[in-house]
K.L.:
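Once you've had a glance at the structure underneath, I'll fire off some questions.
All values below were derived from every heavy atom in this structure, side-chain atoms included, with hydrogens, water molecules and symmetry-related copies excluded.
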Amino acid sequence: DKETCNKSFEFGANDFLTKPFNFEETKHRIINLIEMHLLRSRLENKNRMLEDIVAERTRALKESQTQIIQHLGMAAEYKDMETAAHTVRVGWYSRIIGERWGMDAEALELLFLTAPMHDIGKIGIPDNVLLKPDKFEPEEWEIMKSHTTIGEKILQGNSNPLVETAKTIALTHHEKWDGTGYPSGLSGNDIPIEGRIVMIADVFDALTITRPYKKAWTTDEAVAHIVEGSGSSFDPDLVVIFQEALADLLEIKERYKD
């Protein structure tokens with residue numbers, strides 16, 4: 001009856017036969033159900049194939065984008081060969097700090113891949129300023145600071161998350177917690193977390209390596225400087241994480257020597 005028929009459909013039946021059975025009707029209904037099943041299976045298989053193709057192309061695209069980002073980072077290194085491994089270490093330091101801060105896997109991967117791009121804007125800084133072994137004159141310091149906005153310009157005009165994150169880091173990794181940084185004078189949580197993390201990673205590594213204008217600081221001296229800058233230059237919560245992660249950071253420093 002109709003009530004039983006409706007209940008059958010509610011419980012997942014695909015078709016319903018009423019008594020008395022008609023052989024021809026039953027045969028055609030069975031054939032139709034088989035054909036529907038085969039078509040559904042073919043459609044599901046085709047969809048799976050399309051999903052696999054899309055996934056593979058997405059993976060290949062992401063890989064190519066990552067390689068472009070990495071090669072751009074290498075281009076910046078060629079402008080300042082004194083810090084050839086600096087960008088690699090900053091990427092690892094940032095990943096370690098970001099993981100302890102609680103970044104999800106996707107954000108952490110983006111940070112790791114793009115942190116080495118923090119100084120990409122140095123490509124646009126004249127060598128007589130970038131490689132000067134002495135203290136900068138005021139006008140030279142203004143030119144040097146512009147590497148943040150140059151980096152932003154190099155990476156702008158692309159909505160890809162990888163490039164967007166790299167742009168954010170390039171622009172904000174010299175902003176200070178108390179608002180005295182550059183180029184925009186951002187403060188506190190207005191500074192993107194990626195910029196705040198990379199700032200600590202960058203400063204720690206820059207202090208502990210030899211530059212044309214200075215000798216390398218000891219680890220203790222660099223740590224003391226960062227701790228002293230907690231709440232002024234650096235996010236105080238990240239400074240605590242930095243201290244807790246110091247053993248891991250030093251392991252990376254040893255692994256990726258200049």
K.L.:
If you measure from the Lys or Arg side-chain nitrogens to the Asp or Glu carboxylate oxygens, is any gap between R196 and E175 under 4.0 Å?
P.N.:
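Not counted as a salt bridge, because no side-chain N and carboxylate O are separated by less than 4.0 Å.
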K.L.:
Sequence neighbours excluded and cut-off under 3.5 Å, please list the side-chain donor-acceptor pairs for residues 110-121, or say none.
P.N.:
| residue | atom | partner | partner atom | Å |
| --- | --- | --- | --- | --- |
| T114 | OG1 | L110 | O | 2.5 |
| H118 | ND1 | A115 | O | 2.8 |
| H118 | NE2 | H86 | NE2 | 3.3 |
| H118 | NE2 | D202 | OD1 | 3.4 |
| D119 | OD1 | H147 | NE2 | 3.2 |
| D119 | OD1 | H173 | NE2 | 3.1 |
| D119 | OD2 | K122 | NZ | 3.3 |

K.L.:
Side chains of V203 and F234, heavy atoms from C-beta outward: is any pair under 4.5 Å?
P.N.:
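They are in contact (side-chain heavy atoms under 4.5 Å apart), so the answer is yes.
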K.L.:
Is there a path of hydrophobic side-chain contacts, each under 4.5 Å between heavy atoms of I/L/V/M/F/W/Y residues, joining L171 to L186?
P.N.:
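In one cluster with L186: L171, no.
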K.L.:
Using a 6.0 Å cut-off, check whether atom CZ of R48 has over 12 heavy atoms from anything other than its own residue.
P.N.:
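Buried by this count: over 12 neighbours within 6.0 Å.
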K.L.:
Cut-off 3.5 Å, side chains only: do N45 and R42 have a donor facing an acceptor?
P.N.:
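Absent: no donor and acceptor within the cut-off.
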K.L.:
Is it possible for you to say whether I125 and W141 belong to one hydrophobic cluster, with membership spreading through side-chain heavy-atom contacts below 4.5 Å?
P.N.:
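Both belong to a single hydrophobic cluster.
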K.L.:
Any side-chain heavy atom of W217 sitting closer than 4.5 Å to one from V223?
P.N.:
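SC-SC contact between W217 and V223 ruled out.
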K.L.:
Under 4.0 Å between a Lys/Arg side-chain N and an Asp/Glu carboxylate O for E99 and R95?
P.N.:
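Result for this pair is no, no salt bridge flagged.
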K.L.:
Which distance, rounded to the nearest 0.5 Å, do you find between the CH2 of W101 and the CD1 of I197?
P.N.:
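Answer for the CH2-CD1 pair, W101 versus I197, is 6.5 Å.
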K.L.:
To the nearest 0.5 angstrom, please state how far the CD1 atom of I154 sits from the OG1 atom of T149.
P.N.:
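Interatomic distance, I154 CD1 to T149 OG1, rounded to 0.5 Å: 10.0 Å.
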K.L.:
Do L249 and F242 make a side-chain contact, defined as non-hydrogen atoms from C-beta onward lying under 4.5 Å apart?
P.N.:
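Heavy-atom side-chain distance check passes, below 4.5 Å.
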K.L.:
Using the rule that two of Ile, Leu, Val, Met, Phe, Trp, Tyr join whenever any of their side-chain heavy atoms come within less than 4.5 Å, decide whether V198 and V163 are in one cluster.
P.N.:
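V198 clusters together with V163.
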K.L.:
Check the side chains of D1 and T4 for a donor-acceptor pair under 3.5 angstrom, ignoring hydrogens and angles.
P.N.:
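Present: a donor and an acceptor within the cut-off.
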K.L.:
Report the distance from atom OG1 of T165 to atom CD of E106, rounding to the nearest 0.5 Å.
P.N.:
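Between T165 OG1 and E106 CD, I get 9.0 Å after rounding to 0.5 Å.
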K.L.:
Is the ring pair W92/Y256 parallel, tilted or perpendicular, if the boundaries are 30 and 60 degrees?
P.N.:
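W92 and Y256: parallel rings.
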K.L.:
Where the side chain of K167 meets the backbone of A170, is there a donor-acceptor pair that is under 3.5 Å apart?
P.N.:
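No; judged by distance alone, with no hydrogens or angles, the pair does not exist.
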K.L.:
For T218 and E221: C-alpha separation, side-chain torsions, deciding distance, then whether side-chain contact (heavy atoms from CB on, under 4.5 Å) applies.
P.N.:
CA-CA 5 Å; T218 67; E221 289 172 336; 3.1 Å; yes
K.L.:
Give the minimum heavy-atom separation between V129 and F136, together with the two atoms involved.
P.N.:
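Of all heavy-atom pairs spanning V129 and F136, the closest is O-CE2, 3.0 Å.
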K.L.:
Is the Y182 ring parallel, tilted or perpendicular to the H174 ring (thresholds 30°, 60°)?
P.N.:
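Aromatic pair Y182/H174 classed parallel.
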K.L.:
Report the C-alpha distance between L238 and I97 in whole Å, list the side-chain angles of each, state the deciding distance to 0.1 Å, and finish with yes or no for side-chain contact (heavy atoms from CB on, under 4.5 Å).
P.N.:
CA-CA 8 Å; L238 291 179; I97 295 170; 4.1 Å; yes
K.L.:
Mind listing the closest non-hydrogen atom pair of P192 and T172 along with its distance?
P.N.:
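The pair with the smallest heavy-atom distance is CD-CG2, 3.9 Å.
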K.L.:
Spell out, yes or no, whether V88 and I169 are grouped together once hydrophobic residues are joined by side-chain heavy atoms under 4.5 Å, including indirect joins.
P.N.:
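Yes, one cluster joins them.
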K.L.:
Within this structure, what is the CD1-OG distance for the pair I200 and S94, rounded to the nearest 0.5 Å?
P.N.:
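These two atoms lie 9.5 Å from each other.
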K.L.:
Identify, with sequence neighbours excluded, every residue that meets side chain to side chain contact (heavy atoms under 4.5 Å, CB included) alongside K176.
P.N.:
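Result, side chain to side chain contact (heavy atoms under 4.5 Å, CB included) vs K176: D178, T180, M199, S233.
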K.L.:
For E44 and R40, run salt bridge (Lys or Arg N to Asp or Glu O under 4.0 Å): C-alpha distance rounded to whole Å, both residues' side-chain angles, the deciding distance at 0.1 Å, then the answer.
P.N.:
CA-CA 6 Å; E44 289 174 353; R40 187 182 297 112; 5.2 Å; no
K.L.:
What ring-ring contact (aromatic ring centres under 6.0 Å, His included) pairs are there with at least one residue in residues 21-44, not counting sequence neighbours?
P.N.:
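Residue pairs passing ring-ring contact (aromatic ring centres under 6.0 Å, His included), neighbours aside: none found.
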K.L.:
Mind checking whether D52 and M49 have side chains closer than 4.5 Å, heavy atoms only?
P.N.:
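A side-chain contact under 4.5 Å is absent here.
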K.L.:
Which residue pairs pass the side chain to side chain donor-acceptor pair (under 3.5 Å) test with at least one member in residues 5-20, sequence neighbours excluded?
P.N.:
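Residue pairs passing side chain to side chain donor-acceptor pair (under 3.5 Å), neighbours aside: D15-R29.
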K.L.:
Going by side chain to side chain donor-acceptor pair (under 3.5 Å), name the residues that satisfy it together with E137, two or more places apart in sequence or in a different chain.
P.N.:
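With sequence neighbours excluded, E137 shows a side chain to side chain donor-acceptor pair (under 3.5 Å) to no residue whatsoever.
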K.L.:
Does the side chain of S187 come within less than 4.5 Å of W177's, by heavy atoms?
P.N.:
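No; the side chains remain at least 4.5 Å from each other.
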K.L.:
Taking a hydrophobic cluster as the set of Ile, Leu, Val, Met, Phe, Trp and Tyr residues connected by side-chain heavy atoms closer than 4.5 Å, whether directly or through intermediates, do V240 and F204 fall within one such cluster?
P.N.:
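No.
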K.L.:
If I compare all heavy atoms of L108 with all of G98, which pair ends up nearest, and what's the gap?
P.N.:
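Scanning both residues, the minimum pair turns out to be CD1-C, 3.6 Å.
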K.L.:
Is it true that E24 and K27 make a salt bridge, defined as a side-chain N closer than 4.0 Å to a carboxylate O?
P.N.:
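Yes, E24 and K27 are salt-bridged.
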K.L.:
Go through the structure and list residues passing side chain to side chain contact (heavy atoms under 4.5 Å, CB included) with E254, not counting sequence neighbours.
P.N.:
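In terms of side chain to side chain contact (heavy atoms under 4.5 Å, CB included), with neighbours along the sequence ignored, E254 is linked to K257.
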K.L.:
Hey, does Q243 have a side-chain heavy atom less than 4.5 Å from the side chain of I226?
P.N.:
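No - every pair of side-chain heavy atoms lies 4.5 Å or more apart.
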K.L.:
Return the CD to CD distance between E142 and E139, rounded to the nearest 0.5 Å.
P.N.:
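Interatomic distance, E142 CD to E139 CD, rounded to 0.5 Å: 9.5 Å.
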K.L.:
In terms of side-chain geometry, is the basic nitrogen of D248 or R100 positioned less than 4.0 Å from the acidic oxygen of its partner?
P.N.:
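Yes, this pair counts.
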K.L.:
Any heavy-atom pair between the side chains of K253 and T208 that's under 4.5 Å?
P.N.:
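SC-SC contact between T208 and K253 confirmed.
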K.L.:
Within this structure, what is the CE-CG distance for the pair M36 and L39, rounded to the nearest 0.5 Å?
P.N.:
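If I round to the nearest 0.5 Å, the distance is 8.5 Å.
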